[in-house]
Undergrad: 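To start, I am sharing the structure in question, which I have written as structure tokens.
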Amino acid sequence: MQELEALIPKPGALGFSGSVERARHEMHGPFTLPPGPEAFSFALYQSTGVGLIPGHALELLENGAVFERMLADIRAAQSSVHVLVYIWRPCELSDRVVEALVERARAGVACRVVVDPVGSEEIRGDRDFDQKVEKVLTDAGVEVHYFRLLAGKVLGRLLGRSHQKLVIVDGRIGYTGGFGIWKVWEGDGLKPDEWRDTHIRVEGPEVRRMQLSFSRHWQESGGGLIPPSAFPEAEPAGPCAAGFIDSAGKLGLTDAERMIRIVIGAARERIWIANAYFSPPNAILEQLEEKCRQGVEIRVLGPGPNHDVPIMRASQRSTYERLLAAGVRIWEYQPSMLHSKTLLVDDWLAVVGSTNMDSLSLNKLKEGSLVIHDASFVRKLARCWARDLRHSKEITLENGGRTNPWRRLARRATQLVGQDR
């Protein structure tokens, strides 16, 4: 009992103090966890209900390389293939995925697909997915559902989307990251029309939690219960410890923000953030400033001039001046849209998934990320960072780091969209 109590941070050390209202808006304090993976796992469990479970084999997959690996697993599926994506649009990549699913469905494998209509079709007013993808899949026996159809396009429904990306094969192999099924995710991330992104393939116990996230989306989209055979008990597959954090928008602190705060709080030496939509709420900015004062090296890598949401880039750049003043180093990726959502902490902790560090992602969207304790994986992610920085421009106060009225207005607008009330 004393050993367990020693892992419990003192009141205020995690930044959760006072009422729920106060905790959500005034998360002050050092927010420093006791050192070590065990203490981190316990803090993550207290905050999200998910700790780090051993027994995982992980594979870091960059850019379009994820699809060759994914399609090979789909073609080898024996019982089920489940796909959940925000964006699925007709293209050559889509044709390859459709071909693999159709072949498996005709072989008797249960194939289920959930897409978000905002990312895939309805908000743009076309019916390309409906006519060119869904019909081919359903004719072959693949079940397809839309997550939260936009009946009446009510604002709350428009913002309450699923931004998760999951592919689960036979309940034993899982994929997550930033991918969608569209042409921009192919290639090597070095051309303007080929996005730079990071994904992960996982085998081990947490695939079951990823499957659970899919099943909840499936039910809400009009599907029934998924058979128990899709939730096999996983044997240990490798040495890595991991936990899958499934977050949904709600009033107050979401699991996505709790996860980000706990991961940052664990840092003693370095925090490297690569994020497509980096404009975190003030509480996280304050936490990063405090970490700088503690001597932690903080790097931020965001998109540069190639950005799919210009107002979001302006909002991102509005944070630079205060972060640079605190000692944070900032780079912008130059060749293409940087779409990665990764965190690297010290030499043992990493995060890969769909979770962006902006108010919409943290407060409104359904997101999922894998938190990883494994030094070998962290070294691989650090090598990706080194390569990305060769294609990035460091930002200083003299070359684009100062804020201006447009950037401040953009930040206010993007923060307002993601308000939790």
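Worth knowing before you read on, the calculation uses all heavy atoms, side chains too, and leaves out hydrogens, waters and symmetry mates.
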Undergrad: Between His217 and Ser162, does any side-chain donor sit less than 3.5 Å from a side-chain acceptor?
TA: yes
Undergrad: Which residue in the set Lys165, Gln164, His163 passes side chain to side chain donor-acceptor pair (under 3.5 Å) when paired with Glu367?
TA: His163
Undergrad: Return yes if some donor-acceptor pair links the side-chain N/O of Thr254 with the main-chain N/O of Gly249 below 3.5 Å, else return no.
TA: no
Undergrad: Relative to the ring of Tyr333, is the ring of His391 parallel (under 30°), tilted (30 to 60°) or perpendicular (over 60°)?
TA: perpendicular
Undergrad: Show every donor-acceptor pair shorter than 3.5 Å between a side-chain atom in residues 337-345 and any protein atom, with sequence neighbours excluded, or say none if there are none.
TA:
unit_1: His339; atom_1: ND1; unit_2: Gly178; atom_2: O; d: 3.2
unit_1: His339; atom_1: ND1; unit_2: Asp197; atom_2: OD2; d: 2.7
unit_1: Ser340; atom_1: OG; unit_2: Thr198; atom_2: N; d: 3.4
unit_1: Ser340; atom_1: OG; unit_2: Thr198; atom_2: OG1; d: 2.8
unit_1: Lys341; atom_1: NZ; unit_2: His339; atom_2: O; d: 3.1
unit_1: Lys341; atom_1: NZ; unit_2: Asn356; atom_2: OD1; d: 2.8

Undergrad: Does a sphere of radius 6.0 Å around CD in Glu59 hold more than 12 heavy atoms from other residues, nucleotides or ligands, not counting ones at 6.0 Å or beyond?
TA: yes
Undergrad: Measure up the Trp185 and Trp195 rings against each other and bin them: parallel (under 30°), tilted (30 to 60°), perpendicular (over 60°).
TA: perpendicular
Undergrad: Taking everything shown except Arg408 itself, do over 12 heavy atoms lie less than 6.0 Å from its CZ?
TA: yes
Undergrad: What closest approach, in Å, do Phe129 and Ser120 show between heavy atoms, and which atom pair accounts for it?
TA: CB-O, 3.9 Å
Undergrad: Please report, to 0.1 Å, the donor-acceptor pairs under 3.5 Å made by any side chain of residues 226-237, with sequence neighbours excluded.
TA:
none

Undergrad: Is there a side-chain contact between Asp308 and Val184 (heavy atoms, below 4.5 Å)?
TA: no
Undergrad: Is the shortest side-chain heavy-atom distance between Phe147 and Lys366 below 4.5 Å?
TA: yes
Undergrad: If we ignore hydrogens and angles and just use 3.5 Å, is the side chain of Thr48 paired with the main-chain N or O of Asp255 as donor and acceptor?
TA: no
Undergrad: Aromatic rings Phe42 and Tyr45: how do their planes relate, parallel, tilted or perpendicular, breaks at 30° and 60°?
TA: tilted
Undergrad: Apply side-chain hydrogen bond (donor to acceptor under 3.5 Å, both in side chains) to Tyr320 and list each qualifying residue two or more places apart in sequence or on a separate chain.
TA: Gln316, Glu332
Undergrad: Are Arg411 and Thr319 linked by a side-chain donor-acceptor pair shorter than 3.5 Å?
TA: no
